[in-house]
Amino acid sequence: MLETEELTKVFKSKAAVDGVSLYLDKGESVGLLGPNGAGKSTTISMISTLSKPTTGDVRLDGRSVVKDPGKMRKVLGVVPQEIALYEDLSAYENLQFFGRIYGLSGSRLEQAIQQALELVGLKERQKEIVKTYSGGMQRRINIAAAMMHEPELIIMDEPTVGIDPQSRSHILEMVRQLNKEKGLTVLYTSHYMEEVERLCDRVYIMDHGTIIASGTKDELKSILSGEETIWIELDRPYPELFAELAAHPEIVQAAETEKGIKLIIPKGKRILGSIFQSAERHQAQILNVNVQTPTLEDVFLHLTGRKLRD
Amino acid sequence: MTSVFLLQWQRFRRAPLMVLSFLALTIVFVMVMAGSNPGNSMTVPTYAHPALAEQQQDEWLEQLNKSEGLQFELVEEQEARQAVLDGDTGMALQLMEDDYRLLIVADDPNRFEVESYINRTYAEELRIRQLEQQSTSGEARERVAEMLEEPALTVETQSLEGEQESFVYDGQLQMLFGMALFFSIYTIMFSLMKIVEEKKFGTWNRLILSPLDKWQVYMGHLLYSFTIGYVQIVLVLVLFKYLFNFDVGDQFGLLLLITAVYTFSIVALSMLVMGLVQSPQQLQAVVPIVATGMAMIGGAFWPIELVTNNMLLAISKVLPITYGLDALKSVAIHGRGLTELMEPIAVMLLIGVVCMGIGINLMERKR
């Protein structure tokens with residue numbers, strides 16, 4: 001349905017996106033995973049026709065949307081990262097306006113508004129002013145506004161940033177429904193690995209403006225099939241301990257997390273003993289140790305040497 | 001375009017305070033400042049000398065009150081003296097049988113104009129009385145009046161600088177037009193700020209991704225700002241013409257046309273300002289500077305004719321408010337017609353077209 005061909009965007013001689021090629025089949029849910037500043041938003045702004053690529057092309061059903069953005073705009077819904085709503089109007093008035101600009105009117109418009117409100121679970125509070133909503137409710141209306149014209153393809157740019165777990169779960173379930181039950185093609189960008197793991201069939205991992213890995217979740221995780229992850233929870237950060245573990249010859253990769261240290265080691269290596277010895281030497285208090293199978297986050301760590309939320 | 005235009009009204013209904021406050025400010029400023037700065041009519045408290053008979057006193061008042069710009073109002077001597085002492089009036093007049101006294105405490109800029117008028121009136125009246133005494137027919141006054149209708153000699157005053165009309169200052173109209181045009185700049189610029197806000201908060205991208213053409217989105221916003229600015233000025237003009245009886249001449253339609261052209265040029269200038277600033281916060285700081293600066297240099301607060309600095313005069317030539325005020329005053333005070341106003345109208349349109357072109361270009365480059 002959609003493919004990009006060596007997309008590149010250069011700002012002031014610096015490439016924000018450098019030769020990105022990806023594709024989406026009809027009805028597929030594809031994740032674009034990467035840390036902040038990886039170039040995800042720039043990539044989707046080119047795909048959605050908001051900005052023109054410096055080089056490369058975006059094709060919808062084989063036709064260039066760079067040359068003819070109109071075709072893309074008809075079938076595309078975009079959920080931006082920011083709350084792109086008129087905060088001084090009610091949810092109903094916002095949806096009414098966004099419906100009107102797509103040429104809806106009368107009973108068709110009313111029906112579309114009620115469907116969108118039902119989808120995001122805010123039918124009861126449709127007459128309230130948007131700025132009085134919680135962050136999560138505003139994000140839901142943000143999604144509803146993109147659904148007014150029943151798009152075939154929806155691009156969601158970090159739609160769950162800064163909201164409570166309950167609203168986040170509601171939004172993820174909604175996206176899953178749209179994809180699985182209504183057959184909507186979804187391009188979902190996030191730096192939350194667990195969201196992409198839950199929603200997407202295939203994943204592209206981006207860093208520094210390029211795609212560094214792609215495939216199904218299992219294919220990506222198989223990159224680390226020979227490794228396992230040890231997560232050590234500590235009472236506070238211990239930089240010397242981290243430095244010592246990072247230099248350990250048996251440890252493939254080490255990263256400091258909020259509450260401790262994450263290590264990637266070859267499967268079957270018995271190094272827990274030496275980890276405890278190092279902790280003892282640095283008088284570090286270990287609260288918890290967990291040996292896990294690798295996640296997409298670990299894959300990212302393995303590929304870039306950095307965490308997704310760095 | 002219609003949906004974007006209607007959306008702005010929908011948002012205006014939710015928060016009308018800003019626009020209404022500028023309308024109210026215009027009305028208050030005009031009422032207060034024009035009230036203390038009346039147009040051609042200046043009142044001079046007048047009292048009679050104790051020896052002057054009541055009939056003579058009435059005759060002198062009738063003669064003096066033939067002037068359109070001066071009004072001599074009979075009061076008690078004590079009241080007139082107190083008014084001058086308190087500074088409520090610049091001068092008071094004492095009427096005598098064949099003479100007068102002007103009571104002045106501080107220097108008053110109008111003193112020479114008033115004194116010269118009283119002097120002329122007294123001199124002419126006394127000359128006619130003298131003629132009546134010498135005449136036997138008893139019709140001397142009527143004959144003089146008759147002959148003055150078709151005088152043998154007429155004196156025409158012309159400016160050395162050519163065909164320019166002499167400067168006529170009308171405080172009421174200066175304040176009315178000045179404040180109406182000044183406050184409309186705020187309304188227009190702040191209403192257009194919604195474009196900058198839309199770009200900042202992301203709704204602009206939603207509009208661009210919709211089937212609407214970009215020009216339709218711009219037009220929706222521009223038309224709204226034009227309408228709201230235009231309605232504000234027109235409401236003020238209508239209010240002061242019909243409710244407060246300001247004399248704005250008898251070509252109200254022409255005033256509306258000039259207002260429309262001026263509003264267009266301010267909308268365009270606002271687009272240029274929007275194109276130059278980076279954020280709504282910057283714009284909030286810039287708007288008062290632009291509006292007040294333009295009003296000061298363009299002659300909204302005081303007549304441009306009082307400005308002598310060549311640099312300020314040169315700057316005023318590129319400001320639409322200079323031409324707007326000039327055109328409005330030309331119609332209201334001098335009664336000029338459309339043909340004579342082609343120059344200020346054409347300049348305002350030119351400024352509008354240039355600013356709009358550059359402004360939209362700058363806004364698009366920022367994206």
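Chain letters run A, B, ... following the sequence lines, proteins first, then strands; residues in each count from 1. Excluded from the calculations below are hydrogen atoms, water molecules and symmetry mates; all remaining heavy atoms, backbone and side chain alike, are included.
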**Study point:** Side chain / backbone / both / neither for Glu197(B) at chain A, heavy atoms under 4.5 Å
**Key:**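 For Glu197(B), no heavy atom lies under 4.5 Å from chain A.
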Check your understanding: Measuring heavy-atom distances to chain A, does Arg11(B) have an atom under 4.5 Å in its side chain, in its backbone, in both, or in neither?
Key ->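 Answer is both: backbone and side chain atoms of Arg11(B) are under 4.5 Å from chain A.
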Check your understanding: Looking at Thr2(B), Val4(B), Thr203(B), which has the largest count of heavy-atom pairs under 4.5 Å with chain A?
Key ->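 Option with the top pair count is Thr203(B).
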Counting only heavy atoms not in [X], do more than 12 fall under 6.0 Å of its [atom1]?
X         : atom1 : answer
Leu17(B)  : CG    : no
Glu150(A) : CD    : no
Arg108(A) : CZ    : no

Exercise for review: Of all the heavy-atom pairs spanning Arg73(A) and Ile208(B), show the shortest one and how long it is.
Suggested key: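 Taking every non-hydrogen atom into account, NH1-O, 3.1 Å.
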Point to revise | For the student: nearest non-hydrogen atoms of Tyr102(A) and Ser210(B), plus distance | key: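 Closest pair (atom of Tyr102(A), atom of Ser210(B), distance): OH-CA, 3.6 Å.
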Can you tell which part of [X] gets under 4.5 Å to a heavy atom of chain B, answering side chain, backbone, both or neither?
X         : result
Phe97(A)  : side chain
Gln96(A)  : side chain
Asn142(A) : both
Ile83(A)  : backbone

Review point. With no hydrogens and no angle check, is any side-chain donor or acceptor of Arg206(B) less than 3.5 Å from a backbone partner on Phe98(A)?
Key: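 Absent.
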Point to revise | Residue of the set Val217(B), Leu209(B), Leu212(B) for which side chain to side chain contact (heavy atoms under 4.5 Å, CB included) holds with Ile101(A) | key: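 Option passing the side chain to side chain contact (heavy atoms under 4.5 Å, CB included) with Ile101(A): Leu212(B).
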Review point. Pick from Arg14(B), Glu198(B), Lys194(B): which one makes a side-chain hydrogen bond (donor to acceptor under 3.5 Å, both in side chains) with Tyr86(A)?
Key: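 For Tyr86(A), the side-chain hydrogen bond (donor to acceptor under 3.5 Å, both in side chains) test succeeds with only one of Arg14(B), Glu198(B), Lys194(B), which is Glu198(B).
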**Study point:** Nearest-0.5 Å distance, CZ of residue Arg100(A) to CG of residue Leu6(B)
**Key:**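 Rounded to the nearest 0.5 Å, the CZ-CG separation comes out at 7.0 Å.
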